[in-house]
Asker: 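This is the structure I want to talk about, given as structure tokens.
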Amino acid sequence: MNITQVASHTHEGVYRVEAAEFGLVGFIAIHSTALGPAAGGLRMKPYGSEDEALTDTLRLSEGMTYKNAAAGLPLGGGKSVIMGDPATLKTPELLRAFGKAVEACEGRYWTAEDMGMTPADMAEVAKESRYVAGLADGKFASGDPSPITARGIFNAIRQVSAHALGDASLNGRVISVQGLGHVGWNLCHRLKAAGAELIVTDIDPDRVQAAVASLGATPVSLDEIYAVEADIFAPCAIGGILNANTIPMLKVKAVAGGANNQLATPQDAELLHGRGILYAPDYVANGGGIINAATEILGIENQVDWVDEKLRALDRTMGDILTSAKEANVSPAVVAQDVVTRSMTPRAA
Ligand code: NAD
């Protein structure tokens, strides 16, 4: 296994990992350890090129810095990727080789499950590294973060409802949800229980059918989700979906969802603001998952109470961001960036 350092002006450490005998090529990016060890998931997916994979790792690891800071965690930002189709290329040997690379970072980077990984895969990585969170077993195991992520997003939706619609109650509100996976599905159940009406889409027709059957949701096509009349849009699938094409179509008062990197560019926050659509910054709204994983990284004994308290603090942070944004008449994305930048006092020079 070869680990080579990649030069970077923006990140503290960027590493290319290769183990040709197992078909492994991947990257680990440590964006910042100003607040603590860098933490962020391991993603496996087919990339068109190494450049594309590296760019994704750099972008995602920077996002983790902001997410961890916004969640008030003593953690910095990092991320890792393995190139290739998990369905065909993922083997225990490849995962263990990657685990050795994580271990070689000596605790400056903690990994966890992300796209293309399962708890069983992370257990394989953990055979070679102590710095793995989101495991199903173990003293501080934190398991699937999605239910806690969904709780945080539900809180964010109530916050934008209060700010944009004058009432935090979701009873009778119409919420459009893109993506009915781990997070979206759990969120839909919470929204339904709060009395909301759901409009849903997913590339998987079975998930849509299940939401129609069990939640009385209204199904729409993948493109229609941007143009439906609703109170709040909750993107819970992929990134980059708030862009120059989709924002003019939106007929909602607010956007609050779980997907990472929802804005295609920072200017898209201004587009939303210009249209009077309140945007809950994604890395604040979806911080529940890393709060859950942090219990494992930090070895928290009383996980339930600790997570509850951190989620309440995250909710207050979101409320403060939305209030400040309204007062200053700027996008909440701008305020959120200020908040996390201010909170990142370096531990050491
Ligand atoms: P998931 O893979 O379980 O679910 C994603 C769902 O979106 C799937 O049902 C998929 O079919 C659907 N989908 C994919 N592309 C789509 C498209 N173009 N249109 C409509 N539906 C589409 O993933 P998840 O764990 O639910 O995560 C969802 C999003 O939230 C991701 O962006 C993820 O990075 C982010 N997120 C997840 C967590 C967590 O705890 N799982 C935490 C923070 C952020």
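The analysis underlying the following values was restricted to heavy atoms, covering all of them including side chains, and did not include hydrogens, waters or symmetry mates. Counting starts at 1 for both ligands and their atoms, in listed order. Just so it is clear, the structure is predicted and the values come from calculations on it, not from any experiment.
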Asker: Enumerate the atoms of ligand 1 whose separation from the nearest heavy atom of Pro145 is less than 4.0 angstrom.
Answerer: 40 (O)
Asker: To check your reading of the model: name the closest protein heavy atom to atom 19 (N) of ligand 1, its residue, and the distance in Å.
Answerer: Leu222 CD2, 3.5 Å
Asker: Flag the pair Lys79 and Glu62 as a salt bridge only when some basic side-chain nitrogen lies within less than 4.0 angstrom of an acidic carboxylate oxygen.
Answerer: no
Asker: Distance alone, cut at 3.5 Å: any donor-acceptor contact between the side chains of His31 and Thr10?
Answerer: no
Asker: To check your reading of the model: name the closest protein heavy atom to atom 37 (C) of ligand 1, its residue, and the distance in Å.
Answerer: Val183 CG2, 3.7 Å
Asker: Less than 3.5 Å between some nitrogen or oxygen of Thr149 and one of ligand 1, yes or no?
Answerer: yes
Asker: Give me the residue, atom name and distance of the protein heavy atom closest to atom 4 (O) of ligand 1.
Answerer: Gly181 CA, 3.2 Å
Asker: Checking the N or O distance criterion of under 3.5 Å, is ligand 1 in contact with Asp204?
Answerer: no
Asker: For Lys67, take its heavy atoms, then give the atoms of ligand 1 lying under 4.0 Å from any of them.
Answerer: 43 (C)
Asker: Write out the residue and atom name of the closest protein heavy atom to atom 14 (C) of ligand 1, then the distance separating them to 0.1 Å.
Answerer: Ile203 CD1, 3.6 Å
Asker: Between Asp56 and Arg59 (salt bridge meaning N to carboxylate O under 4.0 Å), is one present in this structure?
Answerer: yes
Asker: With atom 34 (O) of ligand 1 as the reference point, say which of Asn260, Leu187, Val200 has the nearest heavy atom.
Answerer: Asn260
Asker: Determine, counting only non-hydrogen atoms of the protein, whether one lies under 4.0 angstrom from atom 41 (N) of ligand 1.
Answerer: yes
Asker: So does Glu18 pair up with Arg16, basic N to acidic O under 4.0 Å?
Answerer: yes
Asker: Would you please say whether a donor-acceptor pair under 3.5 Å links the side chains of Ser331 and Tyr279?
Answerer: no
Asker: Please report, to 0.1 Å, the donor-acceptor pairs under 3.5 Å made by any side chain of residues 84-95, with sequence neighbours excluded.
Answerer:
residue : atom : partner : partner atom : Å
Asp85   : OD1  : Ala87   : N            : 2.9
Thr88   : OG1  : Asp85   : O            : 3.4
Lys90   : NZ   : Gly116  : O            : 2.8
Lys90   : NZ   : Asp121  : OD2          : 2.5
Thr91   : OG1  : Leu94   : N            : 3.1

Asker: Does the pair Asn243 and Thr246 meet the rule for a side chain to side chain contact (heavy atoms under 4.5 Å, CB included), with working shown?
Answerer: CA-CA 5 Å; Asn243 56 49; Thr246 60; 3.3 Å; yes
Asker: Please list the nearest protein heavy atom to atom 28 (C) of ligand 1 with its residue and the distance rounded to 0.1 Å.
Answerer: Cys236 O, 3.3 Å
Asker: Give the intermediate values and the outcome of side chain to side chain contact (heavy atoms under 4.5 Å, CB included) for residues Glu103 and Glu128.
Answerer: CA-CA 7 Å; Glu103 184 64 21; Glu128 298 291 348; 5.7 Å; no
Asker: Nearest protein heavy atom to atom 35 (C) of ligand 1, by residue and atom, and its distance?
Answerer: Gly258 O, 3.3 Å
Asker: Which atom pairs, donor and acceptor, lie under 3.5 Å between side-chain atoms of residues 205-213 and protein residues at least two apart or in another chain?
Answerer:
residue : atom : partner : partner atom : Å
Arg207  : NE   : Asp204  : OD2          : 3.1
Arg207  : NH1  : Leu180  : O            : 3.3

Asker: Under 4.0 Å from ligand 1, counting heavy atoms only, is it the side chain of Ile290, its backbone, both or neither?
Answerer: neither
Asker: Report the C-alpha distance between Lys192 and Glu197 in whole Å, list the side-chain angles of each, state the deciding distance to 0.1 Å, and finish with yes or no for salt bridge (charged side-chain N to carboxylate O under 4.0 Å, His left out).
Answerer: CA-CA 7 Å; Lys192 180 72 184 173; Glu197 288 174 35; over 6 Å; no
Asker: Check the pair Gln178, Tyr226 against side chain to side chain contact (heavy atoms under 4.5 Å, CB included), reporting the backbone distance first and the verdict last.
Answerer: CA-CA 9 Å; Gln178 180 185 48; Tyr226 301 112; 2.9 Å; yes
Asker: Applying a heavy-atom cut-off of 4.0 Å, say which part of Gln262 lies close to ligand 1: side chain, backbone, both or neither.
Answerer: neither
Asker: Give yes or no for whether the N/O distance cutoff of 3.5 Å, strictly under, is met between Ser146 and ligand 1.
Answerer: yes
Asker: Just to confirm my output: which protein heavy-atom neighbour is closest to atom 32 (O) of ligand 1, and how far is it?
Answerer: Ala237 O, 3.0 Å
Asker: Going by heavy-atom distance to atom 21 (N) of ligand 1, choose the closest among Asp144, Ile238, Asp202, Ile291.
Answerer: Asp202
Asker: Would one find more than 12 heavy atoms of other residues, nucleotides or ligands at under 6.0 Å from atom NE2 of His273?
Answerer: yes
Asker: Using a heavy-atom cut-off of under 4.0 Å, does the side chain or the backbone of Arg207 touch ligand 1, or both, or neither?
Answerer: side chain
Asker: For atom 3 (O) of ligand 1, which protein heavy atom lies nearest, and how many Å away is it?
Answerer: His182 ND1, 2.6 Å
Asker: Using protein heavy atoms only, decide if any is under 4.0 Å from atom 9 (O) of ligand 1.
Answerer: yes
